[in-house]
Amino acid sequence: MLEAWEFILRRPELLAEWVLAHLWIIFVAIIIAVILGVFLGIFITGKGREQIADSVLYLAEIAMTIPSLALFGLLMLLLGSMGLKSIGFLPAVIALVVYGQLPILRNTYTAIRAVDPAMVEAGRGMGMTERQILFKIELPLAVPVIMAGIRTSIVLLIGIATIAAFIGASGLGVPIFRGIRNARMDLILIGGISVSILALIIDGLMALVERRITPKGLKVGRQ
Amino acid sequence: MIKLEKVTKVYADGTKAVDEMSFEVDQGELCVFLGPSGCGKTTTMKMINRLIPITGGNIYIDGVDNTKINASELRRNIGYAIQEIGLFTHMTVGQNIETVPVLKGWSKSRRRERAEELLELVRMKPSEFIDKYPNELSGGQRQRVGVARALGTDPPILLMDEPFGAIDPINRVELQSEFLKIQQKIKKTIIFVTHDIYEAIKMGDRIALMKDGKLVQYDTPANLLYRPKDEFVEGFVGADRALKGLQLLRVKEVMTGTYATAKMGEKTEVVRERMEKEGIDWLPVVDNSGRFTGGVSISDLTGGRAKTVKDVITPSEAKSDINAVLNEALSLMLSSGLKTLPIVVEDNRLAGILTFDAIQETLHEAVKTGGTK
Amino acid sequence: MRRWIVLVVMLIVMVGLTIWTTSVGDIGIFHAFTYADIFTHTKDHLIMVFWAVLIAVIVGVPLGTLVTRPGFSRISPLVLGGANIGQSIPSLAIIAIMATLPFSLFFFDFGFNRETAIVALFIYGLLPIVRNSYASMNNINPALIESARGMGMTRWQIIRKIELPLAMPVIMTGIRVSTVITVGTAELAVLVGGKGLGTITFTGVFAREVLLIIQGAAPTAFLAVSLGIILESIEKWITPRGMKIKVKNS
């Protein structure tokens, strides 16, 4: 414990570098994941796509059960066979995107499906186009649930990004990885504790954002 | 205004939901679609604003085939209220009402003004409710907002799918009466779907009774009640329809519309002559703008030094609204001892009179036609 | 129907990858692991997961149930808050921190050994079980309990005959989630002295040989997916029939 503290005091720039690298990789991944997840989630709620939706959601559900380390391995193989770099930032981001979009996809789909059909019918009956129904009714009502999905996703990604150090990406997994290889308890502790703290802070922040973003009309109780 | 011509809906699996339905709804009329569940009433209504695509026949709105109009455009010009109301929970009452005005690109101030006006119309205080959210309202209040929203841009046509269906019976009756008053003001062409015969007879100018996708009878409530076309209609309106008539018929259906009156300033002799000529002994008195103010009976006019009606008038509070239910009016006549009940519309304007004779005639007619059983 | 296709394709890919990588023979300067190796490591993996989940169930279900009882309402936010926070901490972090704790507790010597690995897995796998047990026991319609009490059931009978059967499906979901997570985390457990498929994967990781990683990763993925499916069928089977019937709207 003491050694870890000493290390931080001696090399603060290293810790900062790992934290930033960790955040950066998550940032890049989550942005792509949100775009993909929300888009795909909206797509599969479309009329006549019930079967596709079922398959996609099931695939997502199963994919979530694949251990992250195993997924990294599979991705490295895939990227390698396509002649791409199978080690470092790229496979890490791809793996994070694959994982990260699943909760977002699932929540987007569920939230849009959960919108009271009477509201949709009322909107359509008043002459809203399908696009207006999506943007004025369905999406605003789904936003809190989608946000919850993004939050789950980010917390998940913080953990997985740690493991990404094993395939050569930078981040807080690096000290853990090095510590284990070289039996340096101080490095292991620094990595483990920092990433835990990071996860808690970001989870807390996301909870705040989630509350902020909920439309006011959904918060007020019924008389 | 709305014309249905052999309107047919066949679903992909071959079920015929609506079968060659043809009739017309006139401007300013409230037409009730009535029938047991699965009779095609909601389907027919939804084909008018094209929420359900038509598969045969035509629907004309003001002479224009509705499939020739862009669906969204069409719907923005037809008010729409449904049983579940479907208020947008993430928007305020005001924003809900402004939905269609926003879609039509109205200016902000004009929208707001309209929302306030509509809230007034449904008797909700704008300053109190406009910024509330639907989840803060009671069921009845939400229903009113639903109606206000349907009237957003003052569309000439209104489609209402069991709009009071989710309300408890007591509030429901009240909302119905209130809505009738609103309709008197706004005079929209309304399609009103219900499966409740009481509601149909109370609300409708005309009723389209449907069964298995077919139009069985399209008639006024009184005719439906007393001149049922076949056994199905008879069964649907019920065996006690003679008495139901009292409860369900509106004064409007039974009253005598064109009726002699006396003016405030008229000479007593003139009025007496008129009464003698008509063979009646009581006349309602109206002021210059047609407002009902009281009554004169022939005994008041004979002899005496009275010059004008004004001197002999008996001011009377006993009167009935034109939309009142017949049994209410009858009970009023019995308790006030009036043989002739003046009937008024908005602003206390005289619209006609109701007599025991007329009620009896109506009931007699019912017995006559209903006795076949 | 389509679900089955999705599932079967996935499992076939995993098995195919395992067979392919194993049949290669030499991977770089390494010999590929043999089927016997893979089998042994799979067995070790399962044993580790089994113990971790078993202890988690034994501890988690009573704990989750206990905090729903009136007397414990004060500590319930503590337990649940702890479970929620714990869940957002990455598994690798817990394992890593566990590895640096060189102390003894009862008969355990923490350090680089299998016991440490199992304890780490148990801690991480405990959370979904506690949370689901709490949620399911807390969600039972009070009218049911009251009518049971009214019919003269004892407190224990109410738990056994009413609450547990009704809560069982959700508790089982917790156990399934916990198992699937543990299968994945167990791969990391070799870092603190655990045994299992992680041994193969990390040989590959440290040697930077993708095919070796796959030799460990593909069977792990296969295990996670198939265990998830098996436990899901148990979940469905265990659900009281009356709860599966959906209320029909007329």
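Labels below follow one simple rule: chain letters A, B, ... track the order of the sequence lines, proteins then strands, and each chain is numbered from 1. Keep in mind it's a predicted model, so treat the numbers as computed, not measured. Below, each value reflects all heavy atoms present in this structure, side chains not excepted, and no hydrogens, waters or symmetry copies.
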- Item | Within 6.0 angstrom of A/F43 CZ, more than 12 heavy atoms from elsewhere | no
- In terms of heavy-atom pairs under 4.5 Å, which option from A/I163, A/I197, A/L198 contacts chain C the most? A/I163
- Point-to-point distance, once rounded to the nearest 0.5 Å, from CG of A/L57 to CZ of C/R3: 8.0 Å
- Query: Taking the side chain as C-beta and beyond, is there a heavy-atom pair between A/L74 and C/L17 under 4.5 Å?
  - Reply: yes
- Message: Run A/F177 and C/F202 through ring-ring contact (aromatic ring centres under 6.0 Å, His included) and show every step you take.
- Response: CA-CA 11 Å; A/F177 189 56; C/F202 276 99; 7.7 Å; no
- One should read off an interatomic distance between A/E61 CD and C/L7 CG, to the nearest 0.5 angstrom, of 10.5 Å
- Message: Side chains of A/M64 and C/V180, heavy atoms from C-beta outward: is any pair under 4.5 Å?
- Response: no
- Message: Consider side-chain contact (heavy atoms from CB on, under 4.5 Å). Of A/I176, A/L69, A/V195, which one does C/L92 pass it with?
- Response: A/I176
- Message: Does atom CZ (A/F27) have a neighbourhood of more than 12 heavy atoms from anything else shown, all under 6.0 Å?
- Response: no
- Item | Top contributor to chain A contacts, counting heavy-atom pairs under 4.5 Å, from C/V225, C/I95, C/I213 | C/V225
- Note on the structure: Answer key: most heavy-atom pairs under 4.5 Å with chain C among A/S68, A/G173, A/A70 is A/A70
- Query: Is there side-chain contact between C/P90 and A/L172, with heavy atoms separated by less than 4.5 Å?
  - Reply: no
- Begin with the C-alpha distance, continue with both residues' side-chain angles, and end with the deciding distance and a verdict on side chain to side chain contact (heavy atoms under 4.5 Å, CB included) for C/T201 and A/F72. CA-CA 11 Å; C/T201 316; A/F72 275 123; over 6 Å; no
- Task: Answer yes or no: does atom CZ of A/R211 have more than 12 heavy-atom neighbours from other residues, nucleotides or ligands under 6.0 Å?
- Result: no
- Report yes if some heavy atom in the side chain of A/L77 is under 4.5 Å from a heavy atom in the side chain of C/L211; otherwise report no. yes
- Neighbour count >12 (heavy atoms, 6.0 Å) for atom CD, A/E50: yes
- Query: Which value, rounded to the nearest 0.5 Å, describes the distance between A/T65 atom OG1 and C/L223 atom CG?
  - Reply: 11.0 Å
- List the atom of A/G73, the atom of C/I214, and the distance in Å for their closest heavy-atom pair. O-CD1, 3.2 Å
- Message: Atom CZ of residue position A/F39 - does it have more than 12 heavy atoms of other residues, nucleotides or ligands inside 6.0 Å?
- Response: no
- Note on the structure: When rounded to the nearest 0.5 Å, the distance separating CG of A/L59 from CD1 of C/I5 is 12.5 Å
- Region of C/L188 in contact with chain A, defined by heavy-atom distances below 4.5 Å: side chain
- Query: By a 4.5 Å heavy-atom criterion (distance strictly below it), what part of C/L212 contacts chain A: side chain, backbone, both, or neither?
  - Reply: neither
- Going by the side-chain contact (heavy atoms from CB on, under 4.5 Å) test, name the single residue among C/I94, C/I85, C/I97 that passes it with A/S196. C/I97
